[in-house]
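Chain identifiers are assigned alphabetically (A, B, ...) following the order of the sequence lines, protein sequences preceding nucleic acid strands; residue numbering begins at 1 within each chain.
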There are 2 protein chains.
Amino acid sequence: MPDDLPHPSRAEIRIEAVLHALADPMRLHMVRELARLDTSVACGSIDLPISKSTRTHHLRTLREAGVITVVPAGTTRMTTLRRADLDALFPGLLNGILAAER
Amino acid sequence: MPDDLPHPSRAEIRIEAVLHALADPMRLHMVRELARLDTSVACGSIDLPISKSTRTHHLRTLREAGVITVVPAGTTRMTTLRRADLDALFPGLLNGILAAER
DNA sequence: GTCGTACTACGATGACTGTCGTACAACACC
DNA sequence: GGTGTTGTACGACAGTCATCGTAGTACGAC
């Protein structure tokens with residue numbers, strides 16, 4: 001299962017990068033959707049009031065922070081929340097964020 | 001016990017503001033120290049390689065986000081982590097962040 | 001091959017922000 | 001009162017970043 005795009009390993013994930021990635025409303029919304037759906041999802045399937053290029057930018061930020069995994073699959077890319085890694089490194093963090101009402 | 005400085009009420013605390021406040025390394029360090037000491041602390045007692053004005057700026061950011069409480073006390077100001085509020089709103093978030101090794 | 005789809009790359013831009021220095025205010029102590 | 005300590009206010013500045021449009025690449029279907 002080759003992985004084109006660079007992802008940080010679990011050990012390389014830094015808390016400040018994760019927090020910074022999650023601090024943006026658009027990215028937070030993406031993460032919430034990914035958590036709700038709980039599966040891999042095509043990049044573009046989460047609808048947001050932003051342009052395609054901005055979406056790409058946010059996906060890269062999340063990927064480089066170690067929050068999501070992005071794997072090419074034909075013309076699209078499948079996106080997955082790295083819940084196991086995040087829970088292992090920062091237990092409770094993700095649940096705490098998702099617990100926030102809206 | 002009058003409270004000069006404006007603080008958001010528990011209901012007004014927004015997750016994005018909290019995450020944004022915690023995403024900065026200096027502010028994260030302050031919060032870690034406050035959590036470790038687990039009491040009110042004079043503003044200036046946490047030593048950081050930054051100027052006084054920058055420290056003030058960070059303290060305001062944390063206060064306005066609802067992460068800390070700041071109460072004037074003579075010539076200094078006592079700073080407290082709003083752990084109860086944060087735990088109630090985002091259970092696990094704070095512990096997850098503090099669990100991060102360094 | 002040609003088309004359409006899905007996404008990226010690049011450059012631009014406006015806004016935000018972390019940093020600082022200086023000047024100022026409030027308080028405690030002499 | 002005067003002095004020192006502690007922190008704020010304000011303005012400046014450089015760096016970051018969220019946003020966009022345009023152009024380009026990769027893949028699947030026809």
Side-chain angles (χ1 to χ4, degrees), chain A residues 1-7 14-34 37 39-80, chain B residues 1-7 14-34 40-80:
Chain A
M1 193 185 300
D3 183 340
D4 277 339
L5 282 51
H7 293 76
R14 292 176 317 122
I15 181 69
E16 311 108 22
V18 172
L19 291 172
H20 174 255
L22 296 175
D24 182 89
M26 294 298 169
R27 291 194 289 260
L28 186 58
H29 185 245
M30 289 184 189
V31 169
R32 284 225 176 89
E33 280 298 293
L34 287 174
L37 299 172
T39 33
S40 289
V41 149
C43 278
S45 69
I46 302 172
D47 76 270
L48 291 165
I50 54 176
S51 72
K52 281 192 303 176
S53 21
T54 306
R55 182 194 311 261
T56 298
H57 164 69
H58 286 316
L59 287 169
R60 174 163 49 187
T61 302
L62 288 169
R63 174 175 52 81
E64 290 177 350
V67 177
I68 62 175
T69 304
V70 182
V71 178
T75 102
T76 189
R77 301 193 169 190
M78 298 308 285
T79 302
T80 320
Chain B
M1 192 184 298
D3 183 341
D4 277 340
L5 283 49
H7 292 76
R14 294 177 315 123
I15 181 68
E16 311 108 21
V18 172
L19 291 172
H20 175 255
L22 296 175
D24 182 89
M26 293 298 169
R27 292 195 288 260
L28 186 58
H29 184 245
M30 289 185 189
V31 169
R32 285 227 174 89
E33 280 299 292
L34 287 173
S40 289
V41 148
C43 278
S45 70
I46 301 172
D47 76 271
L48 291 165
I50 54 176
S51 72
K52 281 192 306 177
S53 20
T54 305
R55 181 192 313 260
T56 298
H57 163 70
H58 286 315
L59 286 169
R60 175 164 49 186
T61 302
L62 287 169
R63 173 176 54 80
E64 289 178 351
V67 178
I68 62 175
T69 305
V70 182
V71 178
T75 102
T76 188
R77 302 195 167 189
M78 299 307 286
T79 301
T80 319

Colleague: Using OP1 and OP2 only, check whether a side-chain N or O of A:Thr76 sits under 4.0 Å from C:dC7.
Modeller: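 Yes, because at least one side-chain N or O of A:Thr76 sits under 4.0 Å from OP1 or OP2 of C:dC7.
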Colleague: Any chance you could list the contact pattern along nucleotides 9-21 of chain D? Use B for base contacts, S for sugar-phosphate-only contacts and - for none, protein heavy atoms under 4.0 Å, 5' to 3'.
Modeller: B-------SBBBB
Colleague: Can you see which heavy atom on B:Thr69 is nearest to which on B:His7, and at what distance?
Modeller: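 Looking at all heavy atoms of both residues, the shortest contact is CA-NE2, 3.4 Å.
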Colleague: Rounded to whole Å, please give me the gap between CD in B:Glu16 and C1' in C:dC16.
Modeller: 16 Å
Colleague: Who pairs with B:Thr75 by side-chain hydrogen bond (donor to acceptor under 3.5 Å, both in side chains), at least two apart in sequence or on another chain?
Modeller: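 For B:Thr75 there are no side-chain hydrogen bond (donor to acceptor under 3.5 Å, both in side chains) partners, ignoring immediate neighbours.
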Colleague: List in chain and number order the residues that pass side chain to side chain contact (heavy atoms under 4.5 Å, CB included) with B:Thr61, two or more places apart in sequence or in another chain; answer none if no residue qualifies.
Modeller: B:Ala21, B:Arg27, B:His57
Colleague: Restricting to salt bridge (charged side-chain N to carboxylate O under 4.0 Å, His left out), what partner residues turn up for B:Arg60, sequence neighbours left out?
Modeller: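 Not a single residue meets the salt bridge (charged side-chain N to carboxylate O under 4.0 Å, His left out) criterion with B:Arg60.
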Colleague: Which heavy atom of B:Leu22 sits nearest a heavy atom of B:Leu28, and at what distance?
Modeller: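 Heavy atoms only, the tightest pair is O-CB, 3.7 Å.
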Colleague: Of all the heavy-atom pairs spanning B:Met30 and B:Leu59, show the shortest one and how long it is.
Modeller: SD-CD2, 4.0 Å
Colleague: In Å, rounded to the nearest 0.5 Å, how long is the span from CZ of A:Arg77 to CD1 of A:Ile68?
Modeller: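 Result: 11.0 Å between the selected atoms.
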Colleague: Please give, in whole Å, the distance from D:dG7 C1' to B:Ile46 CD1?
Modeller: 15 Å
Colleague: So, is B:Arg55 close to the C:dC20 phosphate, meaning a side-chain N or O under 4.0 Å from OP1 or OP2?
Modeller: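 No, because none of the side-chain N or O atoms of B:Arg55 sits under 4.0 Å from OP1 or OP2 of C:dC20.
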Colleague: Between OG1 of B:Thr79 and CD1 of B:Ile46, what distance do you get to the nearest 0.5 Å?
Modeller: 7.0 Å
Colleague: Quick one: do the A:Ser40 and A:Thr80 side chains pair a donor with an acceptor below 3.5 Å?
Modeller: yes
Colleague: Can you tell if the side chain of A:Val41 reaches within under 4.5 Å of the side chain of A:Glu33, non-hydrogen atoms only?
Modeller: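 When only atoms from C-beta onward are counted, A:Glu33 and A:Val41 do not touch, as no gap falls below 4.5 Å.
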Colleague: Identify the pairs formed between an N or O of the protein and an N or O of nucleotides 2-4 of chain C at a distance under 3.5 Å, and give each distance.
Modeller:
none

Colleague: Roughly how many Å is it from CG in A:Leu5 to P in D:dT25, rounded to a whole number?
Modeller: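 Value for this atom pair: 18 Å.
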Colleague: Return the angle between end axes of the helix from C:dG1-D:dC30 to C:dC30-D:dG1, with five pairs used per end and rounding to 10°.
Modeller: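 Computed from the C1' atoms at both ends, the axes differ by 30°.
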Colleague: Within this structure, what is the CZ-to-C1' distance between A:Arg77 and D:dG28, rounded to whole angstrom?
Modeller: 16 Å
Colleague: Give, for atom CG of A:Asp47 and atom CZ of A:Arg55, the distance between the pair rounded to the nearest 0.5 Å.
Modeller: 7.5 Å
